[in-house]
Amino acid sequence: MGESFKYLGRFFDFDMSDQGHKSELMSLIDELMSDIDHKPLHPKNKLILCNRYVLSKISWHLTVATLSKTWVTETIDSVINQYIRKWLEIPISGTLSNIYLTHNKFGLNILPASVKFIQCQTVLRNALKTSPNDSIKELWKSTNNHTNIQYDIYNSTKEVLKDFHSGQEDKLQHRLICQGSFFSNVAKFSFSQLNTLWSAAQSKLPKNIFNFTIRYINNSLPTRKNLTRWGLASSPECSFCLCPETLLHVVAGCQSYLQRFTWRHDSILNFLAETFQTTNPCQLYADLSGHKSPSIITGDLYRPDLLLITPNEDLYVLELTVGFESNLHNNVKRKKAKYKDLIEDQRGHFNSVKFVNLSMSSLGVFDKECFTFLEMLDTIGMDKRQQHYCIKKMTSYAIRATYYIFCCRNKEWTNPELLNI
């Protein structure tokens, strides 16, 4: 009395309460998550273990037990989320919606147990519905009014994922105004073809910088504005200019930090100049020490970041901009207007003149206009492998430089050498 027995992996008791499944589930979750937590692994690898191994280990329970989604969400999800927050150093006030998105949406493609539960229930219901056995089909019909009726709306596990991701995107765009600002801006203006390369570059970062990118994306970094919001600081003001110290202010907005932003810009530009110098026979002019100045060609009125003259006398005018995500497309329009006259002036001196408007965000996201950059790489003879390497390195330069700038906030700038990784 009051006990349960197990038959074919299913617990049975007098009340059919599934308490045996719940107890075994929680014990298994605690054991597996604790084991992963103690392993000396990079956070991304811990997340992969959680996503692929832990969820598969509990999928049988999520299929055969008559659990409710609410119980799974409040019990299992909350335990797993505690470990995820610990690994990624995300405070309790930071949303996890971003990490649930796919890699091409700047997420980590992680699934909560509650979504796995819906997938398992969907598979079970479809198996009953499509069974060749009429008695099994009758079983499906007779249980249409039970608690799992909500899962009959899905025809496949892919539909479950699509519905889940759509819900997270809607949450970031329309409800989490502050923490969803990164996603809202990059969803509109980023060059989607390069988003997976961004994720590939992010996955190679050391633990501290990897976690920085996650907290940057959901705006949960300890800026003074956030610290004041959390009750951990008395003033939100920047110690240099007395403006509110938001994330935008620290990484791309403070007028007292202009040297830092120039250092980040020049570090990326220097990588490009060195790359072009060693991979193609073009004449190179770059607005950097150690290189011929673009003013030799354009005059002193205009000084673009980089000029490439091909053996066929085609001129590429490349202008690099590194700014905050909300200014990603505004920087494109501003630079296009600024160099419009220069492009027209140079057309009489070269077979063709093409403007490469290379706008990047502080976290290494490329604007839609950057398709001109890929066209230029094609023209100068870079194959796809070299192009992808170049894009990932530029992303890594931007992220690492922004990380350093953030770490040096409210400190004097020491004019370090250009970043070289």
Verify the distance criterion only: is there a donor paired with an acceptor across the side chains of [X] and [Y] at less than 3.5 Å?
X      : Y      : result
Ser352 : Asp314 : yes
Thr228 : Arg224 : no
Ser184 : Gln173 : no
Thr102 : Asn104 : yes
Glu89  : Asn211 : yes
Glu325 : Ser361 : yes
Asp367 : His329 : yes
Thr95  : Asn218 : no
Tyr154 : Asp163 : yes
Asn226 : Glu245 : no
Lys335 : Thr321 : yes
Ser326 : Asn185 : no

Between the side chain of [X] and the main-chain N/O of [Y], is any donor-acceptor distance below 3.5 Å?
X      : Y      : value
Ser27  : Glu24  : no
Arg215 : Ile90  : no
Arg264 : Ala252 : no
Thr402 : Ile399 : no

Is the closest side-chain heavy-atom distance between [X] and [Y] below 4.5 Å?
X      : Y      : result
Pro304 : Thr298 : yes
Ile36  : Trp87  : yes
Asn98  : Ile214 : no
Asn126 : Val123 : no
Asn51  : Ile48  : no
Glu319 : Ser359 : no
Tyr316 : Val353 : no
Leu62  : Leu67  : yes

side-chain contact (heavy atoms from CB on, under 4.5 Å) between Leu139 and Asn133, intermediate numbers included: CA-CA 10 Å; Leu139 176 62; Asn133 189 310; over 6 Å; no

Counting only heavy atoms not in [X], do more than 12 sit closer than 6.0 Å to its [atom1] atom?
X      : atom1 : result
Asp300 : CG    : no
Arg303 : CZ    : no
Lys22  : NZ    : yes
Arg229 : CZ    : yes
Lys137 : NZ    : yes

From CA spacing to verdict: salt bridge (charged side-chain N to carboxylate O under 4.0 Å, His left out), Glu344, Arg347: CA-CA 5 Å; Glu344 292 299 322; Arg347 292 195 189 281; 3.5 Å; yes

Over 60° means perpendicular and under 30° means parallel, so classify the ring planes of [Y] and [X], tilted if in between.
X      : Y      : result
Tyr257 : Phe261 : perpendicular
Trp198 : Phe182 : tilted
Tyr404 : Trp263 : tilted

Working for side-chain contact (heavy atoms from CB on, under 4.5 Å), residues Leu55 and Leu111: CA-CA 9 Å; Leu55 293 186; Leu111 286 185; 4.1 Å; yes

On the six-membered ring of [Y], is [X] placed so that its NZ or CZ lies under 6.0 angstrom from the centre and within 45° of the ring axis?
X      : Y      : result
Lys292 : Tyr285 : yes
Arg260 : Phe240 : yes
Arg409 : Phe406 : yes

Chi angles and distances behind the side-chain hydrogen bond (donor to acceptor under 3.5 Å, both in side chains) call for Ser396, Arg400: CA-CA 6 Å; Ser396 184; Arg400 288 171 180 268; 3.3 Å; yes

Measuring from atom [atom1] of [X] to atom [atom2] of [Y], what distance do you get when rounded to the nearest 0.5 angstrom?
X      : Y      : atom1 : atom2 : result
Leu25  : Trp60  : CG    : CH2   : 12.5 Å
Ile297 : His349 : CD1   : NE2   : 9.5 Å
Asp378 : Gln386 : CG    : CD    : 11.0 Å

Closest approach of Tyr216 to Ser362 (non-hydrogen atoms, all atoms of both residues): OH-CB, 3.5 Å

Qualifying residue, where the test is ring pair (Phe, Tyr, Trp, His ring centres under 6.0 Å) with Phe355 and the options are Tyr302, Phe373, Tyr339: Tyr339

side-chain contact (heavy atoms from CB on, under 4.5 Å) evaluation trace for Phe366 with Gln193: CA-CA 10 Å; Phe366 288 80; Gln193 290 177 242; over 6 Å; no

Verdict with supporting geometry, Phe210 and His42, ring-ring contact (aromatic ring centres under 6.0 Å, His included): CA-CA 9 Å; Phe210 179 86; His42 191 285; 5.0 Å; yes

Salt bridge present between Glu369 and Lys336 (N-O < 4.0 angstrom):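 Lys336 and Glu369: salt-bridged.
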
Full working for side-chain contact (heavy atoms from CB on, under 4.5 Å) between Ile421 and Lys393: CA-CA 8 Å; Ile421 55 176; Lys393 288 290 283 187; 3.8 Å; yes

Residue of the set Leu315, Thr310, Asn312, Thr379 for which side-chain contact (heavy atoms from CB on, under 4.5 Å) holds with Cys282: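 Output: one option passes, namely Thr310.
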
